[in-house]
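The structure under discussion appears below in the form of structure tokens.
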Amino acid sequence: MRNIRFLPLLLAAACLASGAEQGGFSGPVSGVLFDSQTRAIRPVMGVPGAAYLGPPLAAEFELASVSPSGRMALAVERGRAVLIPLSGDLRTGALDGALENVSRIAWVDASAAVIAAGSRVQLWRNLDQRPELAVGGEVEGEILALAAANDALLAATRGGVYLVGKHSPARLLAAVEDASALAVWGRDLYVAGRERGEILVVRDFERGAGAEFFARVDDPAGLAVENGIVFAASGKKRQLAAFRVAGGGSAGEVDLDFEPVRIERLAGPLFLLNHGGANEPLYVLDAARGLAVYFIPAGAASSMEE
Amino acid sequence: MSRTDLKHIFLAPALLGALALAASAQPFSVRVQLAQSSAIVPDNGSVTLAADSLGAPTAATVTVTYTGTSTAIVAALNLVGSNDFTLASLPAEIEQGVTLRRNESFSFIVRYLPTTSARASARASFGYTEGRTTASVGFNIVGTAPEFVFSYIPQGGNATPVSPGATLIMAQTLIDTTTTTTVVITNRGSGAGLVKTISGGGGAFQLTGLPLPDTTVEAGRELRFGIAFSPKQLATERGTLQIAVSGATAAFNLEGPVSGPSWNYDLIQDSTFSALLPNQLISLPDVIVGEKSSVVVRVRNTGNAEGRIAAISVAGQGFTLSDVPFTPLVLPAGGSATTTVTFAPAQAGRITGRLRIGNDSFELAGQGLAAVLAYSYAIGTTSISVANNGTVLFTPVPVGGSSSVRFVVSNTGTAPASLGSVSITSTNTFFSLSALPVLPATIGPGESLAFSVTFAPTNVGTASASLKLDGQTFNLSATGNQPPALPAYRIEGPTGPQAPLTQPAVGLLLNAPYPLALNGTLTLTFNSAVSLQDPAVQFSTGGRTIQFTIPANSTRAIFANGANQVRVQTGSVAGAIILTPSFVTTEGNINVTPANPPTLSLTVPEQAPQLLSLAITGKTSTAFTLQITGYATNLSVTEIAIQFTATPGETLAATSRTIQAESSFLAWYRSQQAQQFGSLFTATIPFTFSGDVNAVASLVETLQSVSVTLRNALGSSQSRSIDLK
């Protein structure tokens with residue numbers, strides 16, 4: 001049974017004695033995420049370096065993804081897509097017309113997300129108000145990675161990367177085999193080609209097509225672009241590499257204690273690098289600090305010691 | 001009985017009496033001197049000369065003495081009768097006449113040489129003149145001689161005369177039976193004869209009922225004795241018989257015809273026939289105990305009569321007969337029968353027995369083959385035998401060490417043995433097998449097989465197990481002593497003061513390899529310096545304990561996911577993070593942690609407050625809210641210094657503001673909510689503005705940016721700014 005708690009993001013604990021109006025204190029929460037281990041939506045209490053996964057806000061989902069604002073989550077419950085409010089001003093409800101058995105979710109912004117099931121894909125907007133299906137389509141093959149920009153859906157299959165427009169059928173942007181991740185930066189689409197170990201870029205993807213080499217990364221498992229830096233996670237090498245969008249030059253690399261499987265935004269400059277596991281914490285990249293990677297232990301020390 | 005001298009002369013008393021009566025009528029005394037006796041023979045008396053045998057001469061000396069009172073002239077000696085009598089030694093003057101005075105005499109000899117055994121007679125006489133009287137005197141001479149003839153009567157047969165040199169043929173006699181042939185010695189002569197000795201026989205012949213030596217057989221009488229013929233074999237028996245009688249020895253041949261069965265035996269083995277003699281050894285094929293081998297024995301009657309076999313039997317452990325003919329078994333001549341001798345030994349080794357067929361027996365022998373397994377174990381050069389359910393003692397060894405014995409299975413038997421399985425059953429895992437041969441294995445006679453049993457305790461105390469070799473069980477008993485002390489170790493990683501909000505990695509390394517696999521727990525203790533716990537102080541795997549292992553004979557601790565290190569999150573609260581390991585043996589869970597285990601101490605110092613971020617929310621034309629996120633390891637923020645920068649062209653009444661925030665922070669840090677965040681905080685400060693504007697549209701727009709600095713007794717944070725545009 002799903003149990004939803006609202007996160008007290010603002011905790012008025014004390015008044016600041018000042019000439020200003022009344023203020024307060026709260027604890028910093030770095031974001032909210034779906035913990036696949038507990039199949040729950042959980043807050044990241046604290047900040048990287050002093051953070052841990054807080055108690056579940058809602059649980060028993062097959063899949064969930066929290067919006068960048070942390071105010072809502074799009075979850076899959078018993079095969080159906082549902083909206084889970086994480087603040088008190090939102091409503092819970094099934095996403096009527098959404099695909100069933102969604103396997104992938106990617107947020108476009110705080111109120112828009114793309115979902116995929118098999119070879120079908122949808123873009124939903126206005127999720128915090130009155131959800132509406134903006135784009136729907138289908139590509140050839142099972143969708144392995146998702147991204148969205150404006151009214152365009154980007155889906156990667158084993159056969160290539162497709163653009164699914166609102167008024168046009170799916171269009172093959174690039175014949176990239178085994179694309180493992182997509183990232184949009186401006187008008188460009190970055191594609192991680194896992195098979196060939198390279199990052200490709202499709203310039204002005206809404207209009208053009210064809211990919212060009214951007215950088216070489218062994219076994220790229222995740223991809224993200226933040227502040228003009230392309231971050232690529234190498235699974236086999238257990239490495240995180242950064243490249244400048246401008247020119248593709250290296251912006252550094254860092255060895256990891258674990259094997260990264262994704263680079264997905266948690267909140268702000270924080271990106272999730274793995275899913276965690278029984279003996280493996282979650283790891284996040286704090287892009288604001290360059291290639292700073294932190295682990296996030298699952299649970300507060302005191303509760304775990306009990 | 002009679003004596004020899006009495007045989008040569010026989011004077012009948014009646015005749016001697018008559019001789020005496022007549023003596024008074026004539027003047028002569030006639031004395032007859034035989035070999036050892038003499039007698040006066042009256043006129044017309046008789047003298048008997050008994051010869052020992054035909055052709056054997058005998059003689060008598062006759063002395064004639066004149067008993068008258070004058071003289072007498074004797075002339076003309078006459079002998080008439082049988083020619084077997086002759087006179088000899090006559091006086092030379094007998095022809096002229098011999099004048100005899102009183103008591104004078106002359107002698108002559110009467111000889112008797114019998115040519116037949118019939119009674120011979122003659123008359124000897126002489127004439128004389130005495131005075132005017134002329135008369136004659138004479139006496140009769142009788143000659144006798146024995147004559148022995150022989151005959152025999154085979155048992156069940158008729159009398160058959162037999163002459164010396166001939167063959168006495170016995171009645172046909174069944175083998176192993178006896179017939180008796182009677183030999184008859186008949187004296188058909190006129191005088192008694194002497195049977196001196198009877199000898200002979202031999203072989204299957206035995207003389208029975210023999211008379212004493214020198215037995216006299218009167219004329220017309222017979223003497224009998226027997227010859228027992230007891231053939232033991234089917235062939236005709238032969239022997240001799242000697243009968244010594246007066247004057248001669250008669251020799252005879254003996255011949256015994258035999259009838260009966262003759263048993264011949266054959267051993268039939270693998271379709272091969274071989275002759276078998278009674279008492280011969282029959283070797284049965286070697287056979288494994290529990291199995292059987294057999295041979296066939298055939299008996300044939302090669303004799304000339306049917307034979308009877310009363311019984312066929314076998315004696316000896318493990319020997320049995322099968323296909324035995326019904327007994328008594330009567331086999332005609334030329335007939336045969338077989339029986340099977342089976343050897344099924346119940347034990348190993350040479351086993352003997354006997355087979356009996358009728359009167360014949362045979363030795364039986366077979367080798368029972370069996371595997372006899374002997375068990376021993378060796379510790380070093382010392383070998384110790386151990387029996388089923390016996391105990392194998394191991395040398396005590398410390399936990400982590402090992403003690404091995406070489407277990408040997410020897411086949412001292414005569415058949416191959418098979419070893420199918422070797423296993424150890426135990427509630428512990430201290431005992432193990434190694435160097436096992438490929439099973440199932442065959443152990444030939446005289447061969448052995450070995451493998452190792454190792455005791456490697458992981459627990460202190462005695463341990464036992466069962467070593468099972470097919471159906472044999474051996475108790476394994478051993479003692480595990482205390483494991484060796486843990487070598488010194490060190491916790492690798494940073495020590496001393498550490499920056500908050502960091503995640504340093506630590507590892508653990510033994511100074512020397514330890515022989516046992518270890519399980520360990522690294523425990524994190526956070527001693528807050530400011531009476532506030534920080535839930536963020538954890539290992540990367542979550543919580544404040546983490547397990548690790550140290551493989552046997554290695555030094556490095558291995559944490560989750562095979563990592564050599566584990567990271568520690570320092571959090572945001574001042575205090576000491578102390579890492580303390582403990583160690584137990586993986587097997588046995590024996591605590592080998594030193595009494596005072598060295599620890600690693602990381603210190604998060606008390607320091608000036610730190611600003612992490614600023615954010616503007618709730619911005620309106622006259623107000624906004626400033627969110628300040630930061631931390632203070634000592635839970636102290638005394639002042640928040642806020643610096644406003646005016647938009648160019650605008651003038652602010654006050655460009656800075658310092659908020660005395662110590663009590664507010666103290667209140668926050670004492671709140672229940674703050675317990676979840678260590679010293680982290682987000683302070684929300686709403687600002688509302690009033691006044692006039694020059695070149696901008698709203699009061700808020702008169703602000704270019706806001707800078708914030710936090711302070712406490714230990715110093716100030718770095719200043720952070722946020723652009724309001």
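Chain letters run A, B, ... following the sequence lines, proteins first and then strands; every chain starts at 1.
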> Taking Tyr52(A) for the side chain and Gly46(A) for the main chain, is one N or O donor matched with an acceptor at less than 3.5 Å?
Replying inline: no
> Looking at OG1 of Thr658(B) and CD1 of Ile640(B), how far apart are the two atoms once the value is rounded to the nearest 0.5 Å?
Replying inline: 10.0 Å
> Does anything in residues 716-725 of chain B get under 4.5 Å of chain A by heavy atoms, and if so which residues?
Replying inline: none
> Tell me, side chain or backbone of Phe539(B) under 4.5 Å from chain A's heavy atoms, or both, or neither?
Replying inline: backbone
> Does the side chain of Asn519(B) come under 3.5 Å of the side chain of Thr586(B) through a donor N or O and an acceptor N or O?
Replying inline: yes
> For chain A, which residues of residues 563-575 of chain B have at least one non-hydrogen atom nearer than 4.5 Å to it?
Replying inline: Arg567(B), Val568(B), Gln569(B), Thr570(B), Gly571(B), Ser572(B)
> When you look at Thr629(B) and Thr682(B), which way does the side-chain hydrogen bond (donor to acceptor under 3.5 Å, both in side chains) test go after all the steps?
Replying inline: CA-CA 4 Å; Thr629(B) 297; Thr682(B) 296; 2.9 Å; yes
> Under the salt bridge (Lys or Arg N to Asp or Glu O under 4.0 Å) test, which residues partner Glu259(A), sequence neighbours left out?
Replying inline: none
> Between Ile628(B) and chain A, which part of the residue has a heavy atom less than 4.5 Å away: side chain, backbone, both or neither?
Replying inline: neither
> Under 3.5 Å, is there a donor-acceptor pair between the side chain of Ser528(B) and the main chain of Val530(B)?
Replying inline: yes
>> The test is side chain to side chain contact (heavy atoms under 4.5 Å, CB included); show your working for His275(A) and Arg262(A) and say whether it passes.
In response: CA-CA 8 Å; His275(A) 294 290; Arg262(A) 61 174 173 171; 3.3 Å; yes
> Rounded to the nearest 0.5 Å, how far apart are CZ of Phe295(A) and OG1 of Thr541(B)?
Replying inline: 8.0 Å
>> Regarding Thr622(B) and Thr688(B), do their side chains bring together a donor and an acceptor under 3.5 Å, going by distance alone?
In response: no
>> Before you tell me yes or no, could you show the steps for Asp218(A) and Lys237(A) under salt bridge (Lys or Arg N to Asp or Glu O under 4.0 Å), namely the whole-Å CA-CA distance, both residues' side-chain angles and the distance that decides it to 0.1 Å?
In response: CA-CA 7 Å; Asp218(A) 187 23; Lys237(A) 290 184 69 175; 5.8 Å; no
>> Run Phe689(B) and Phe624(B) through ring-ring contact (aromatic ring centres under 6.0 Å, His included) and show every step you take.
In response: CA-CA 9 Å; Phe689(B) 299 91; Phe624(B) 64 85; 5.3 Å; yes
> Does a donor on one side chain sit under 3.5 Å from an acceptor on the other, for Ser69(A) and Ser67(A)?
Replying inline: yes
>> Is it the case that the side chain of Glu639(B) and the backbone of Val637(B) share a donor-acceptor pair, with hydrogens and angles ignored and the cut-off at 3.5 Å?
In response: no
>> Quick check on the interface: out of Tyr294(A), Phe258(A), Tyr283(A), who has the most heavy-atom pairs with chain B under 4.5 Å?
In response: Tyr294(A)
> Do any of residues 492-502 of chain B come closer than 4.5 Å to chain A, heavy atom to heavy atom, and if so which ones, in number order?
Replying inline: Leu501(B), Thr502(B)
> Would you say Phe231(A) and Leu291(A) make side-chain contact, with heavy atoms under 4.5 Å?
Replying inline: yes
